[in-house]
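First comes the structure, then the notes that go with it.
Just so you know, residue 1 is the first one in the sequence shown, and it goes up from there.
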Amino acid sequence: MNPSKRPIAWIDTVAEADAAGDLQRAYKRAGDPKSGKVDHIMKIHSLHPASLIDHMHLYKTLMYAESPLSRVQREMIAVVVSAINRCEY
């Protein structure tokens, strides 16, 4: 299959302006402190706010917790994986 023609999964998400309750609180934790904007990778959890919080916890653990890998090495791995997956962020 031509990589440029491969299917893209579409997941329903809730916009920041439409979030209420648990999702609104999760978005506040996950969003940019200045703009309030939430990354798409986090918005995919908008139909299940608890998974958004769990995703944030996993990300922070992988990227910031004690590890034999440096922060730079972790970022490099993330960039390579994103490129292989044709991630646009």
Side-chain angles (χ1 to χ4, degrees):
M1 174 181 277
N2 180 340
S4 65
K5 300 289 184 187
R6 70 183 199 192
I8 298 174
W10 293 97
I11 299 171
D12 288 332
T13 61
V14 177
E16 291 92 326
D18 297 329
D22 289 341
L23 179 59
Q24 187 177 41
R25 286 186 288 280
Y27 273 3
K28 284 187 183 209
R29 287 180 63 184
D32 180 89
K34 292 181 183 176
S35 69
K37 186 173 176 153
V38 178
D39 291 332
H40 293 293
I41 193 71
M42 300 309 276
K43 277 188 188 177
I44 64 169
H45 299 283
S46 63
L47 301 181
H48 193 277
S51 68
L52 189 155
I53 299 300
D54 291 344
H55 183 153
M56 283 179 33
H57 180 73
L58 175 63
Y59 171 78
K60 288 180 180 181
T61 299
L62 292 173
M63 297 306 282
Y64 298 104
E66 191 172 322
S67 170
L69 298 176
S70 71
R71 176 85 168 109
V72 170
Q73 289 170 318
R74 295 178 217 199
E75 286 290 344
M76 288 189 308
I77 291 168
V79 167
V80 170
V81 170
S82 294
I84 289 169
N85 289 328
R86 299 180 153 257
C87 183
E88 296 182 13
Y89 68 94

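- Residues satisfying the side-chain contact (heavy atoms from CB on, under 4.5 Å) test with Val80, not counting sequence neighbours, are Ile84.
- The two residues Ile77 and Leu69 have their closest heavy-atom pair at CD1-CD1, 3.9 Å.
- Atom CG of Leu23 and atom CG of Leu52 lie 7.0 Å apart (nearest 0.5 Å).
- In this structure, Ile41 is not a member of the same hydrophobic cluster as Leu62, with clusters built from ILVMFWY side-chain heavy atoms closer than 4.5 Å.
- Through direct or indirect side-chain contacts shorter than 4.5 Å among Ile, Leu, Val, Met, Phe, Trp and Tyr, Met76 is connected to Val72.
- In this structure, CD on Gln24 lies 13.5 Å from OG on Ser46, to the nearest 0.5 angstrom.
- Side chain of Asn85 to backbone of Val81: a donor-acceptor contact under 3.5 angstrom is found.
- Listed by first and then second residue, the salt bridge (Lys or Arg N to Asp or Glu O under 4.0 Å) pairs involving residues 65-81 are Arg71-Glu75 (not counting sequence neighbours).
- Listed by chain and number, the residues in a side chain to side chain donor-acceptor pair (under 3.5 Å) with Asp12 amount to none (sequence neighbours excluded).
- No single ILVMFWY cluster, assembled from side-chain heavy atoms under 4.5 Å apart, contains both Met63 and Val79.
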Check: residues 53-61 side-chain donor-acceptor pairs under 3.5 Å, at least two apart:
| from | atom 1 | to | atom 2 | distance (Å) |
| --- | --- | --- | --- | --- |
| His55 | ND1 | His45 | NE2 | 2.7 |
| Thr61 | OG1 | His57 | O | 2.9 |

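- Applying the salt bridge (Lys or Arg N to Asp or Glu O under 4.0 Å) criterion to Arg25, with sequence neighbours excluded, gives Asp22.
- No side-chain heavy atom of Pro49 sits under 4.5 Å from any side-chain heavy atom of Tyr27.
- Sequence neighbours left out, the pairs with a member in residues 33-53 that pass salt bridge (Lys or Arg N to Asp or Glu O under 4.0 Å) are Glu16-Lys43.
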